[in-house]
Amino acid sequence: MPQNQTHGADQPDIAGPTPKSQRTKMVKSSDDNENKILAKKLKDSEICVPIVYGNIAFWLGKKASEYQSHKWTVYVRSSTNEDLGVVIKRAVFQLHSSFNNPMRVVEGPPFELSESGWGEFEIVITLHFHGDVTEKPLHLYHRLKLYPEEESGSLSMKKPVVVESYDEIVLSEPSEGFLARVQNHPAIIMPRLPSSFALPPVPMEDINSGKRGDTKNHPLSQWFTNFSEADELLKLAAARQQVQAHIARLRRQLSLLDGQQQLKSASDM
Amino acid sequence: MDAKDILGLPKNALPIQEKKSKPPKETQRKPDGISREVYALTGGLAPLMPSVDVNQLKRKAQSENEKITWQWLPFTNSARKDNLQLYHWVRVVNGVPPTGDYSFAKYNKSVDVIKYTDEEYEKYLVDPAWTKEETDRLFDLCERFDLRFTVIADRFPSSKTVEELKNRFYSVSRAILIARAPSPGDVIVHPLVKEPYNVSQEIERKRALSMVLSHTKQQERRDVEVLAEAKRISEARKTAKAAEEPELPVMADSGHDVTDRAAVAAAADSISPTPSTQFPSATTANPVSETASVVASLRMLQVYLRSYALEQMVQAASSSAGLRTIKRVEQTLQDLGVNLKPKVPTRAVCAEHLELRKEILTLLSLQKQLQYKEAEGSSYRDGSYAETPGTPPPKRLQRAADLDRTFTPDSLSFGGERIGKRDQKRKGPGRSEAPSSPAQSKRPRKYKASE
């Protein structure tokens with residue numbers, strides 16, 4: 001059994017994410033049927049990586065010139081400030097054409113880019129994933145914001161303008177190797193796997209060696225927004241309840257009408 | 001002098017005094033340069049645009065420098081084979097008659113009809129249905145009549161149809177061309193070689209054309225109807241097929257039938273009061289198959305954003321709804337204080353959001369059903385039911401638009417309380433059945449609800 005698993009785990013690194021059904025064919029053993037069942041189960045599962053992306057912009061105040069009035073940083077981070085390097089290989093930030101080298105590539109976490117300028121424009125962030133995740137890149141669109149909403153000229157050098165968007169990267173049909181690699185990583189929300197499915201343990205060397213990719217102690221972390229789904233869930237639940245009650249009321253009204261019409265037609269005869 | 005004289009009417013009669021805005025002075029004073037009669041033709045008014053180009057007047061004066069005479073002179077026509085000499089008037093300028101050929105000679109065009117020799121005939125052109133004399137005669141006629149086959153057919157000694165004549169002529173010409181060409185490549189672009197004459201096709205085409213021409217009006221109308229119906233059905237089939245293609249072959253059959261029925265039903269009846277029963281059955285089947293196809297397409301993407309996934313699902317769920325309905329759904333969401341796009345799109349939030357949208361769609365369709373029922377009710381009865389009597393349907397829809405804003409922020413708290421109480425009373429029966437449940441089952445509960 002372990003032989004088959006490692007065999008499956010090795011494949012993705014060489015050939016990229018092959019569909020699960022193909023890989024099970026390559027495994028030559030009597031556990032073929034079992035693998036096929038497991039493959040089918042994995043098909044319906046998805047891995048979720050919650051991220052936050054946006055920008056923070058500081059007004060340069062006295063040091064501001066006409067063309068460099070703000071210093072801003074655009075970034076993609078994990079919503080819980082964990083290390084996204086396990087999933088994302090590199091991020092490409094496409095800036096406005098007036099910048100030098102508008103295509104900026106960031107090769108590892110933290111995936112951020114700092115610049116100075118005066119204008120607001122749309123930045124296209126392209127996320128490239130590791131080979132065992134998927135070959136396809138993902139695009140995020142973010143409008144750089146430098147100036148605060150209120151016009152009251154409250155440009156302060158201390159308080160930056162922060163615009164963040166929450167989203168989740170969904171990876172459908174994740175490969176075995178990838179699952180094995182990230183099974184215990186805090187940045188990832190794992191799918192519910194069948195109990196018979198056992199992933200081989202992977203040595204956790206990534207955390208100790210190399211520089212840390214998480215943003216927990218990021219200099220700008222004090223400005224990060226804390227996104228909680230609880231508020232939204234509450235509001236949605238309340239709304240649904242209202243709508244359901246309304247539906248019930250309407251249904252009663254309709255049945256009333258039906259009944260009365262039936263009576264009327266009966267009395268006409 | 002005038003028509004008035006002829007008719008015996010008095011001059012300067014009433015009509016002149018009746019002319020309103022025109023002061024009589026202008027009509028009496030006619031401008032110089034135009035005779036009185038001509039001026040009267042225009043109604044006594046000056047034309048808006050100069051009827052004569054001013055430049056032309058100048059040119060006439062210029063050409064007065066040369067001496068123009070007209071002479072009766074002989075001429076020959078190069079298009080004629082004999083040397084017939086005729087006479088005509090010629091415009092002579094300063095004593096020099098015009099040179100050049102007769103101006104109409106250039107219009108004498110003719111067709112180049114191939115001439116074959118006898119040897120060529122023996123080698124390439126022998127045909128069982130045609131004798132050499134007939135073929136020669138045909139070609140002679142073709143040259144005389146410039147390939148006007150209807151005329152040629154009339155004058156052809158033995159009776160052959162136009163298509164047969166054409167076929168013979170074109171095949172002979174083609175054979176000669178190919179035979180005479182030094183290499184096949186030279187002549188391959190010639191239209192005769194590229195597209196040979198197809199007798200059977202031509203006969204068929206002409207027959208079909210004459211049939212179409214002789215269509216009666218009724219037949220035409222029927223044709224148009226049938227075509228439109230076929231188009232509708234094929235479109236419905238196409239969209240159903242596209243939705244079903246990725247997976248769930250089981251769903252395909254039921255979805256197919258329902259969409260077909262819905263399409264035909266939608267096409268057939270326009271304003272009948274029964275769409276309420278058909279409407280829900282079409283909408284419940286379709287959204288399920290739509291979301292299934294969205295799920296499949298998302299899976300194909302391998303990696304995507306959850307916000308994008310939600311967008312696709314929302315679109316799929318409201319695919320059967322019109323633009324107005326979608327706007328109403330969004331309005332309702334806003335009234336309920338829910339973001340149109342969730343700020344924190346987690347898996348749970350997205351699922352709840354989607355369910356909420358579906359429930360709002362159900363709500364709106366129920367409201368519509370209620371409207372229809374009320375319209376029916378008031379048409380059955382003379383007196384008022386609950387609403388204003390005899391109001392035409394459009395007015396009802398307007399009022400219903402006010403009814404739509406059931407979730408106005410001020411009524412929220414009050415409505416919430418009351419609705420909550422009602423919910424508790426009824427012990428929440430299962431709400432998974434289709435909205436159009438038969439009336440009989442609800443009858444016994446009618447009395448209970450009124451307490």
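Owing to the predicted nature of the structure, the values given are computational and were not obtained by experimental measurement. Below, chains carry the letters A, B, ... as their sequence lines are ordered, and counting in each starts from 1.
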Output for pair (B:T362 OG1, A:H246 NE2), nearest 0.5 Å, gives 13.0 Å
Atom pair CD1/OH of A:I169 and B:Y304 - distance to nearest 0.5 Å: 12.0 Å
I'd like to check the salt bridge (charged side-chain N to carboxylate O under 4.0 Å, His left out) partners of B:R306; sequence neighbours left out, ordered by chain and number. A:E46, A:E168
Please check if the side chain of A:D167 supplies one atom and the backbone of B:L305 the other of a donor-acceptor pair under 3.5 Å. no
Is the NZ atom of A:K216 crowded by more than 12 outside heavy atoms at less than 6.0 Å? yes
NZ on A:K235 to CG on B:L333, rounded to 0.5 Å: 12.0 Å
For the CG atom of B:L370 and the CZ atom of A:R249, what is their distance to the nearest 0.5 Å? 10.0 Å
Just how far is it from atom CD of A:Q253 to atom CD of B:E374, taken to the nearest 0.5 Å? 7.0 Å
Could you give me the CA-CA distance, side-chain angles and deciding distance for B:N339 and A:E232, then say whether side-chain contact (heavy atoms from CB on, under 4.5 Å) is met? CA-CA 9 Å; B:N339 297 318; A:E232 202 122 22; 3.3 Å; yes
Pick one of side chain, backbone, both or neither for A:S228, based on which atoms fall under 4.5 Å of a heavy atom in chain B. backbone
Highest number of heavy-atom pairs under 4.5 Å with chain B: which of A:L140, A:L171, A:V170, A:L250? A:V170
Report yes or no: do B:Q302 and A:E173 form a side-chain donor-acceptor pair below 3.5 Å? no
Max heavy-atom pair count under 4.5 Å with chain A, selected residue of B:E352, B:H353, B:E355: B:E352
Residue from B:V349, B:T346, B:V344 passing side-chain contact (heavy atoms from CB on, under 4.5 Å) with A:L233: B:V349
Less than 4.5 Å apart, any side-chain heavy atom of A:L127 and any of B:V303? no
B:R347, CZ atom: more than 12 neighbouring heavy atoms under 6.0 Å: no
Could you measure the distance from the NZ atom of B:K343 to the CZ atom of A:F227? Nearest 0.5 Å is fine. 9.0 Å
CA sep, side-chain torsions, deciding dist, call: B:L301, A:T134, side-chain contact (heavy atoms from CB on, under 4.5 Å): CA-CA 10 Å; B:L301 279 181; A:T134 176; over 6 Å; no
Heavy-atom proximity to chain A below 4.5 Å, by part of B:L298: backbone
